[in-house]
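The figures here come from the full heavy-atom set of this structure, side chains too, leaving out hydrogens, waters and symmetry mates. A, B, ... follow the sequence lines: proteins, then strands. Residue 1 opens every chain.
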Amino acid sequence: MRKEILFLIAKQFWASAFKSKAIYFLLGLMVLLLLYAAYGGIQYHDQNHFRENHQQMARESWEANPDKHPHRMAHFGTFAFRMKHPLSTFDFGIESFTGNVVFLEAHKQNMVNFSEASFSTSLIRFGELSMAMVLQTILPLIIFFIGYTAVVADRENGTLKILLIQGATWKEILYGKAIGLFSISSLFYLPFALIMVLILITDGHSTSDDWIRLFIVLLTYLLYLAILAMLTMIVSVSSQSSKNALVKLLGLWLLFVVVLPRASQAVGSYFHPTPTKLEFKGAIEEEVIQFGDSHDPNDPYFTAIRDSVLKVHNVQSIDSLPFNYGGFQMSVGEKISAEIYKSHHGELLNQYRKQNQWTKLLALVNPYLGVKNLSMTLCGTDLESYVGFQHQAEDYRYNLAQTMNELQVKYIKANVSSSEGAVNVVDSKEWESFPNFSYEYPTVGPALQNELIAIVSIACWMLFSVGMMNYWSNKASAL
Amino acid sequence: MYRLLFRQFVRTKTCQIGLALVLLLGGISIITGKQFLINQAKIADQVVEKQLTHIERNIDLHGDDLPLLLYYLKFTLVHATHPLSGFSIGQRDLNPSVQSVTILTLEGQKYDTDLVNPTKLLYGNLDLSFIIVYVFPLLIIAFTYNLFSEEEESGTWKLVNVMAKSTLAFLVAKLSVRFVLLALVMILLLVVGALVLGISFDGALLLFVMTSLLYLTFWFALCFWLICLKRNSNFNALALLSIWLVLVVLLPAFINSYITTKHPVPEALSTMIKQRDGTHKKWDSNKKETLEAFYKDYPQFASFGFPPEKGFDWGWYYAMQHLGDVESREDSQAMQQKIRLREEMSKQWAQVIPSMHTQLALNNIAGTGLLDHMDFLSHTNEFHEQTRLYFYPKIFSDKDPESVEWDRFKPEYFQVNGKMEWIATLFPLVLSIVFFMGLSFVQIRKK
């Protein structure tokens, strides 16, 4: 391939694309969509302020507690608010469908509640307008529209023959036009990249991890555009008429964007059913009781523990122990129930992962899904990011409950069983010294590992597109 | 002529692929609906079974202490599922259909979400309403975009011009063949679906079918208008797909984003904090004040008087739980109002956007919209209050668990019947059809 010829053809493609007025209209439309999506993204992300404020409110209220029995504090509990990742302005991912706040208290793992979707009408199910959505679903249509006639129209009106006679090779024509189309689509894409860079610069809290994420996101979409440009050329060169090329491309788009994702989720949930909430909670409760029920005074597990503790300290009753036995028993109970919860919750998450596996694997035949999955992960809005929040919240909850139990063991007299009133209390300074909840995003490395399939998918599609371009370079005819 | 046109059309590849696709997807959607209903039935069954064993087990453990027993006992309210929700799952997959609540502070319990895979929620359900709202319009576009232009592009239009009495009648005949075929397919899916899902053939189903058929007609009217512009196939395909994209993707997304950013609901978060503080801070205040506040709401119990300030008292404990609800009421109501406002705004916008209107209407008929869930939540409040009012006197007067008629506490069901708004559902669609027919008519007269 000769560089000059490639650029000549690419330039010619630009010139002809900009001859039609439609492209200015499309550019205008894209800019409007971008501005609205960016505005919406920033507004959504601004909900972090509400959450920060409320995290603060919950904390102040926690610290304002007077001297109290620590078990009262364990039930007073606190809240964990899920903060949005800075890049969630770009790709909302599953954000709107995950809960935002969870109440953390002793003995009990509460649900993460108040997802945006639970406040929304079913309009939200039509899809949300984010910058990523515009790039993933609308931009491909624009690329198809600008490029579907590229080769086939030249064949229809005979210019192809002239080009070939003048010495251009098929390879040069195909790649030249693909470069032309790719560069035009980059023109559409550029404002998105710039706005994201701007958003991250003005964010003020951005870390180098955020910048690495953004860089990979931007690169991913660039590759996506290259794949789409080549696909358009391949369909265009292999079609009989421009109408056929258009119908094929639109059909592909529908299949990739509308039909396959939903169908794959339907299949996934059909083959990997999840327990109902009642079953899930019932199973945990059952297992905890089996192991040892701290609420049952005659429970064999806990009576055995009590007896051995009494024996070690060589006393007859728990009242004569040098520490508060109630606190100790609760810490044992908390440990057991937390571990059992963890294993059941882990199973449930694995079931979700299996359900999603169909969608993930489908990325190998559907580049849209590959880009979508990778983009969500990098923007911190995928399932794993959410699971990360749940784990951190649960760890914090466990720590809170156990710290209160320790305080009870240490400071509450052995013969005290009631937690009521201002008599058996711990100094309120302890509440302040227990750290506040703060959520840490996972770093980009582990996040990427979760989406290896998507990365492989995009790489494969690049190779496949180049392969098909070369194949048609040899096979195409001018007639 | 109709028979020939029909045969000609059925032989095209577009028709065969299109029908095969919609039947396949339709089949999947009916299975999806069935799965959903089976799951709902399973939940309802488990609830009944669980409620019994749950009460028995706790009576065994805490049978000598009614207030302590009530600390653990959960009472269940089930949001009954209409079989039509198998056709249009709406928001029912993300909002729980069961409320299992203790008589403690309700605001801390009633918003508990269901266990669902959020990724699945993101992609949405492949239910029949999805096929109707998304897929049928695409088929209509694929079947009609070159209704006229293919004749001209292949050179047969001149022939038609010479042979047919009226070219308009010829186009209308071609269009009706496609309309009848797609309407039949839609009715077939609905009837088969109704049989599989066990939906009774009543007014609700009739309204569901009519809404779907009118939506189908709307798309035919729209396509016919575009055909009347007599542009080439490529233009028609692009224009129609763009219109589809605007109507079923961009506008709903745009409006949803507008409504949610205009009316954010931070009250949800403050409700949570206030109900906790409202309850738990009472441990540090004096018992008399707490009970005075409680008796203000329920003067009928004032005669039970005040417990000594020292030591624990169950009446005081439940009063303090109630005050958690009282002190978060303002925020909770503000949240409710905002959510209802969001629903109201969506409905208003939907009046002029048939795709949105149809989706919201189908959910409404099936009882799976946001409003249905809000009504369920309000009913949970009543349910909670009635349960509390039954137990309060027994708690205050130190009654034994034996004094309770436990048989009363079987799971209760919440169901709204007869919410069929015929005119509000059908009129906007009829209007949009008339609008595009009018446009087509003007276009034809111009030529």
Answer with side chain, backbone, both or neither: which region of [X] has an atom nearer than 4.5 Å to a non-hydrogen atom of chain B?
{"X": "A:T78", "value": "both"}
{"X": "A:Q351", "value": "neither"}
{"X": "A:Y148", "value": "side chain"}
{"X": "A:F92", "value": "neither"}
{"X": "A:A37", "value": "neither"}
{"X": "A:D299", "value": "neither"}
{"X": "A:N100", "value": "neither"}
{"X": "A:I289", "value": "side chain"}

Could you tell me whether a side-chain N or O of [X] sits under 3.5 Å from a main-chain N or O of [Y], the two making a donor and an acceptor?
{"X": "A:K277", "Y": "B:T113", "result": "yes"}
{"X": "A:T276", "Y": "B:N39", "result": "no"}
{"X": "B:Q91", "Y": "A:A117", "result": "yes"}

Between [X] and [Y], which heavy-atom pair has the shortest distance, and what is it?
{"X": "A:F126", "Y": "B:S355", "answer": "CZ-O, 3.9 Å"}
{"X": "B:K281", "Y": "A:A64", "answer": "NZ-CB, 4.2 Å"}
{"X": "B:D114", "Y": "A:M111", "answer": "O-CE, 3.7 Å"}
{"X": "B:K50", "Y": "A:G282", "answer": "NZ-CA, 3.7 Å"}
{"X": "A:G40", "Y": "B:T261", "answer": "O-CG2, 4.4 Å"}

Can you tell which part of [X] gets under 4.5 Å to a heavy atom of chain A, answering side chain, backbone, both or neither?
{"X": "B:S270", "answer": "both"}
{"X": "B:I31", "answer": "side chain"}
{"X": "B:K338", "answer": "neither"}
{"X": "B:L61", "answer": "side chain"}
{"X": "B:L269", "answer": "both"}
{"X": "B:L250", "answer": "side chain"}
{"X": "B:Y145", "answer": "side chain"}
{"X": "B:N363", "answer": "side chain"}

[atom1]-[atom2] distance between [X] and [Y], expressed to the nearest 0.5 angstrom:
{"X": "B:Y123", "Y": "A:I94", "atom1": "OH", "atom2": "CD1", "result": "10.0 Å"}
{"X": "B:D277", "Y": "A:N65", "atom1": "CG", "atom2": "CG", "result": "8.0 Å"}
{"X": "A:S269", "Y": "B:N117", "atom1": "OG", "atom2": "CG", "result": "8.5 Å"}
{"X": "B:L241", "Y": "A:L250", "atom1": "CG", "atom2": "CG", "result": "5.0 Å"}
{"X": "B:K120", "Y": "A:Y352", "atom1": "NZ", "atom2": "OH", "result": "10.0 Å"}

Who among [options] has the most heavy-atom pairs with chain B under 4.5 Å?
{"options": "A:L383, A:V101, A:V247", "result": "A:L383"}
{"options": "A:P275, A:S120, A:A58", "result": "A:S120"}
{"options": "A:V423, A:I124, A:L348, A:V259", "result": "A:I124"}
{"options": "A:H75, A:M57, A:Q47", "result": "A:H75"}
{"options": "A:P261, A:G268, A:G99, A:A266", "result": "A:P261"}
{"options": "A:P66, A:S61, A:S118", "result": "A:S61"}

Query - Parallel, tilted or perpendicular: ring planes of B:H280 versus A:F76, cut at 30 and 60 degrees - result: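 It falls in the perpendicular class, over 60°.
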Query raised in the report: Do the ring planes of A:F114 and B:Y111 sit parallel (below 30°), tilted (30 to 60°) or perpendicular (above 60°)?
Result: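 Ring orientation of A:F114 relative to B:Y111: tilted.
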Query raised in the report: Can a donor-acceptor pair be found between the side chains of B:T260 and A:Y44 at a distance below 3.5 Å?
Result: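 Yes, a side-chain donor-acceptor pair sits under 3.5 Å.
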Query raised in the report: Is the closest side-chain donor-acceptor distance between A:T121 and B:K347 under 3.5 Å?
Result: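 No pair is found: no donor N or O on one side chain lies under 3.5 Å from an acceptor on the other.
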Requested in this report: Look at A:E286 together with B:R57 and state whether they make a salt bridge at an N to O cut-off of under 4.0 Å.
Outcome: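 The answer is no: the pair does not qualify as a salt bridge.
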Query raised in the report: So does B:D93 pair up with A:R125, basic N to acidic O under 4.0 Å?
Result: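 Counted as a salt bridge, because a side-chain N and a carboxylate O are separated by less than 4.0 Å.
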Query - A:F79 six-ring face occupied by B:R276 cation (under 6.0 Å, within 45°) - result: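 B:R276 over A:F79 ring: no.
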Requested in this report: Please step through side-chain contact (heavy atoms from CB on, under 4.5 Å) for the pair B:L115 and A:T274, ending with a clear verdict.
Outcome: CA-CA 9 Å; B:L115 282 182; A:T274 46; over 6 Å; no
